[in-house]
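This report concerns only the one structure given below.
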2 protein chains.
Amino acid sequence: MLVKTFSVFSKNFIKYVPVRRLSSVPTFAKDYLQVKRGPYKTLDEQDVRFFRTLLEENSLIEDRCDLEKYNVDFLKHLRGCSPLVLRPRTVEQMSKILSYCNNNLLAVCPQGGNTGVCGGATPVFDEIIVSTEWLNSVIHLDETSGVLVCEAGCVLENLHNYLNDYDLMMPIDLGAKGSCQIGGNTSTNAGGIRLYRYGNLHGNILGLEAVKADGEIIDCMNTLKKDNTGFHLKHIFIGSEGCLGIVTKVAIQCHPKPKSIQLAFLGAQNFTKALKAFKTAKQELGEIISAVEVMDHETIKFMWEHTDTTSPIGDYPIYLIIETSGSNEEHDQDKLNKYFQKCMDKHFVLNGVVTSSPSKSEQIWGLRERVAENFYKDGYVFAYDISLPLENYYDIVTEMKEYLGEKSHRVFGFGHLGDGNLHIQISVQKFSTDIMNYIEQHLYKRVNELNGSISAEHGIGFLKKQYLPLVKSEANMNLMRSLKRVMDPNGILNPYKVV
Amino acid sequence: MLVKTFSVFSKNFIKYVPVRRLSSVPTFAKDYLQVKRGPYKTLDEQDVRFFRTLLEENSLIEDRCDLEKYNVDFLKHLRGCSPLVLRPRTVEQMSKILSYCNNNLLAVCPQGGNTGVCGGATPVFDEIIVSTEWLNSVIHLDETSGVLVCEAGCVLENLHNYLNDYDLMMPIDLGAKGSCQIGGNTSTNAGGIRLYRYGNLHGNILGLEAVKADGEIIDCMNTLKKDNTGFHLKHIFIGSEGCLGIVTKVAIQCHPKPKSIQLAFLGAQNFTKALKAFKTAKQELGEIISAVEVMDHETIKFMWEHTDTTSPIGDYPIYLIIETSGSNEEHDQDKLNKYFQKCMDKHFVLNGVVTSSPSKSEQIWGLRERVAENFYKDGYVFAYDISLPLENYYDIVTEMKEYLGEKSHRVFGFGHLGDGNLHIQISVQKFSTDIMNYIEQHLYKRVNELNGSISAEHGIGFLKKQYLPLVKSEANMNLMRSLKRVMDPNGILNPYKVV
């Protein structure tokens, strides 16, 4: 069966629901973390005239109201005050913009779909916003190799839809796919639900084109799976959050769209047993696993209390969702049924349900997907995106509960177990910077001690910059700064972010 | 069925057979490409005394005979004349060695298993060889996540054997696995037979530790699938062939060992039909494909004439080998049989055989594996490792035949079609630099024009350095040089290589 409702399964849009919104007027980023403006030139009429000669008229946005959506972040948490958005239509225009800004010491905030959640894509002061939204053409698709070449501003969902006609799909899927752009995905090494199966963008981006701060175009537009010629420059731009260059074009490895999608929802006695069920899945389901998610009892209970969702299997301390995607429905069903029976026989799980029905699958995914949009019902919620080695994956939830005691309402643990990626969410009565600092200083210290990551998918951006030196050695920080100096000696690209 | 003879399937050791050997005494590298020695200090007794105080006695090799195997490359094609090999046992020793060399302007040639085929791992003049062979401990294996942490000097085959006990396997497999080291694999972004299925090392190396030219240790020892904290420094070291730092430790994502391996050997009317059969395989076999190889008639015919191999299916212009690896034998057989039938029905293939028998599979792989070791029977053979977009993949073979005319005996085309990686081999009566230049100047120019890669797996090293500017823009070359200056301002690391 060809599952036509494929796009329904957007399993992590939850992260993009603005649960952290403090008020209807976002805080100025500069005040939020008390940052000082860098020694950049202030945009003047002569600069604007230059950009007008370079670009088509509607490529510039100067109107205060129109600027709003570029100046405010996706969560409506932070705002900058850029007076100008530039939307080049060609890499040559991009090159000339950056060259001019570099020569005139004008700070630049590169922006894709502006869906980042760490403030990496919005200006802090008056940086000129350089948007990739009009670099939005699909250039070429090789149907046999599955390699898609397109411009950076292509919206992820548009690429999904484009590929659908060729029975192909993108190797990356995000909740923000309706707005986020492939260039921004690349610049942030965006993760998402398909990472377990297809790996991250360092593996899937075969080639890219980027523009350095001085306007120089770096052409790494390779469409080959194997190319070992010289230093692998493209990786400098992947995940560097627009601080080392602006990505303008990518070649990306796409994959055949699965013909069969199956789902198992399993209840286990504790996390250790759930981990054994996961390990068994790797052995028994191997090549067809496409997602391994975990949710704790606190999370599910909250959902039952506050939404119309129901459990298909009753009450258990830990739940697993295992999804398979394959090329043969009968085979996949057979594998999944046998796997479930094995887990039951070995008492790794206590109960479960296996389904290939899209409506039942949707109901199960609903439990996982609708978590964050309902958390606000429990007060103000601090949401964190961390990775941990599997042996310590769930301990941090128990530990944070003990650490916080009555300071928090609840601590919820759920996430992409398959990737070691935990979303730990902490609800409190109301927001205060005191409680935020109390949580973050302990959480990030512990995550670091456990060899985890304080940002699994979301990057450092503006909001986590202060914590980066906590988790990186002085030598690593120095090397990052050296790289920044080489790539952007005047520091015009995305200042106040990452390093 | 658990295939116990897994290690038998080393499908590309062929590349490491010394088909290009010119004589029993390898040429001095410096004379081969007429390179001038850099302004480095010559090692003196005081330097050696320093290294003796730093390292255990047997960590130094100074004896001329013992130095031989470190000074001569794997193909016995090139030699350097290093007077000293250093074999640190800890990263701290590595750090002190490099710091001393950097301060005293002593050139260094980093070396792993010395199995490179472009001269990247052997000295050109008197560089001190710093070998990772005694950094050879397995540090940790997380059986659930499949993440292995080990030192750089671990031999790939030893890691395979170690993982075998845990029903896991490395994501990389090479013909040179008995000698090559994981640190060298990382530094060269080595490819091999499993790349089609598991991707390259940028995706599979989760973390690494490396030492910069000045001795500073860069710790990126992450074991997580998702970590977006700061610039992604580890990728600077992957594939940079020891020119930007020496890798001392890695964390690598390993995969469950397949329970079922199946093979199809197919004959097609022409390359276009073979490509259609490949595309169909992607759709029908999807997640279980583990290798897609191609061989042309010239290659197979030569094998029949010069070896005891026989064709299981008779005479066809193009042959495909498709291997599957999965977790369920019955399912995999069913998929492969149906796939074969579909290809026959659509006339994408004219004949074929499908087998799960290890002995029959070995016989088929033998045809592919033993190609290079027999080519010498046709005179001197120039062997090239290129990538091309699939639409142009085979054209280059036809074109080179026309271009060379009677200058060559034969032009053979075979390779990893799944990766777009072609091994084009050209036999001539005897070696001359004239014919080499005649071939290479045209071949590399055409590969570049077709957006291919002049080095798919083997890197640039020493031998292809002259061709790098042909295939990279001035901006890219400049950026590579800037990176080199930042990472190694005195240029002590692997001089005369890559850039």
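In what follows, chains carry the letters A, B, and so on, assigned in the order in which the sequence lines appear, proteins first and then strands, with residues in each chain numbered from 1. The figures here come from the full heavy-atom set of this structure, side chains too, leaving out hydrogens, waters and symmetry mates. This structure is a prediction, so every number in the text was calculated from the model and none was measured.
Both the backbone and the side chain of B:E143 come within contact range of chain A, each with at least one heavy atom under 4.5 Å from a heavy atom of that chain. Contacts of B:M221 with chain A are absent, with no heavy-atom separation under 4.5 Å from either backbone or side chain. Neither the backbone nor the side chain of A:E330 comes within contact range of chain B; no heavy atoms are under 4.5 Å apart. The part of B:L233 that comes within reach of chain A is its side chain, from C-beta onward, which places non-hydrogen atoms under 4.5 angstrom from that chain. Heavy-atom distances place the side chain of A:D142, and not its backbone, under 4.5 Å from chain B. Heavy atoms closer than 4.5 Å to chain A are found in the backbone of B:I217, but not in its side chain. Proximity to chain A is absent for every atom of B:Y467, based on heavy atoms less than 4.5 angstrom apart. Of the two parts of A:Y198, neither the backbone nor the side chain holds a non-hydrogen atom closer than 4.5 Å to a non-hydrogen atom of chain B. With a 4.5 Å cut-off on non-hydrogen atoms, B:I386 does not touch chain A at all. Of the atoms belonging to B:R485, not a single heavy atom falls under 4.5 Å from chain A. Interface remark: B:L275 contributes backbone and side-chain atoms alike to the contact with chain A (heavy atom separation under 4.5 Å). Of the two parts of A:L388, only the backbone, made up of N, CA, C and O, holds a non-hydrogen atom closer than 4.5 Å to a non-hydrogen atom of chain B. Contacts between B:I236 and chain A at a heavy-atom distance below 4.5 Å involve the side chain alone, from C-beta outward. Only the side chain of B:L468 comes within less than 4.5 Å of a heavy atom in chain A; its backbone stays farther off. Both the backbone and the side chain of B:D227 have a heavy atom closer than 4.5 Å to some heavy atom of chain A.
Put simply, of B:S455, B:S482, B:P256, the one with the most heavy-atom pairs under 4.5 Å next to chain A is B:S455. Options B:G207, B:G286, B:G146, B:G326 differ in how many heavy-atom pairs under 4.5 Å they form with chain A, and the most are formed by B:G326. Residue with the most contacts toward chain A among B:S145, B:C243, B:G461, B:G199: B:S145 (heavy-atom pairs, distance under 4.5 Å). Contact count against chain A (heavy-atom pairs under 4.5 Å) is highest for B:A456 among B:G203, B:S473, B:A456. Counting heavy-atom pairs closer than 4.5 Å to chain B, the top residue among A:K279, A:K212, A:Q253 is A:K279. Of the residues considered (A:I454, A:N200, A:L483), A:L483 shows the highest number of contacts with chain B, using heavy-atom pairs under 4.5 Å. The candidate with the highest count of non-hydrogen atom pairs below 4.5 Å against chain A, out of B:L168, B:T223, B:L479, B:V147, is B:L479. Your options are A:D219, A:N222, A:V486, A:I238, and the one with the most heavy-atom pairs under 4.5 Å with chain B is A:D219. When each of A:G418, A:G452, A:A190, A:G230 is checked for heavy-atom pairs under 4.5 Å with chain B, A:G230 comes out on top. Among B:D334, B:N204, B:L285, B:V471, the residue making the largest number of heavy-atom pairs under 4.5 Å with chain A is B:D334.
For B:E391, the CD atom counts as densely surrounded, since its 6.0 Å shell holds more than 12 non-hydrogen atoms of other residues, nucleotides or ligands.
The aromatic rings of A:H202 and B:H232 are tilted relative to each other, their planes meeting at an angle between 30° and 60°. Ring-plane geometry between B:H331 and A:H331 is classed as parallel, the angle between the planes falling under 30 degrees on a 0 to 90 degree scale with a further cut at 60.
Between A:S453 and B:K226, the side chains place no donor N or O within less than 3.5 Å of an acceptor N or O (distance only, hydrogens not considered).
Considering CG of B:L224 and CG of A:N451, their distance stands at 8.0 Å, rounded to 0.5 Å. Interatomic distance, B:E287 CD to A:S327 OG, rounded to the nearest 0.5 Å: 3.5 Å.
With A:F231 as the aromatic partner, B:K484 does not meet the cation-pi criteria of under 6.0 angstrom to the ring centre and within 45 degrees of the ring axis.
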*Could you go through the side-chain contact (heavy atoms from CB on, under 4.5 Å) check for B:K335 and A:N328 one step at a time?*
CA-CA 8 Å; B:K335 283 192 185 86; A:N328 185 305; 3.7 Å; yes

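Looking only at distances, a side-chain donor or acceptor of B:K472 sits under 3.5 Å from a matching main-chain atom of A:T229. Using modelled atom types, one side-chain atom of B:N228 and one backbone atom of A:N189 make a donor-acceptor pair closer than 3.5 Å. The main-chain N or O of A:I218 is never found under 3.5 Å from a side-chain atom of B:N476 such that the two would form a donor-acceptor pair.
For the residue pair A:K282 and B:T144, the shortest heavy atom distance occurs at NZ-O, 3.0 Å.
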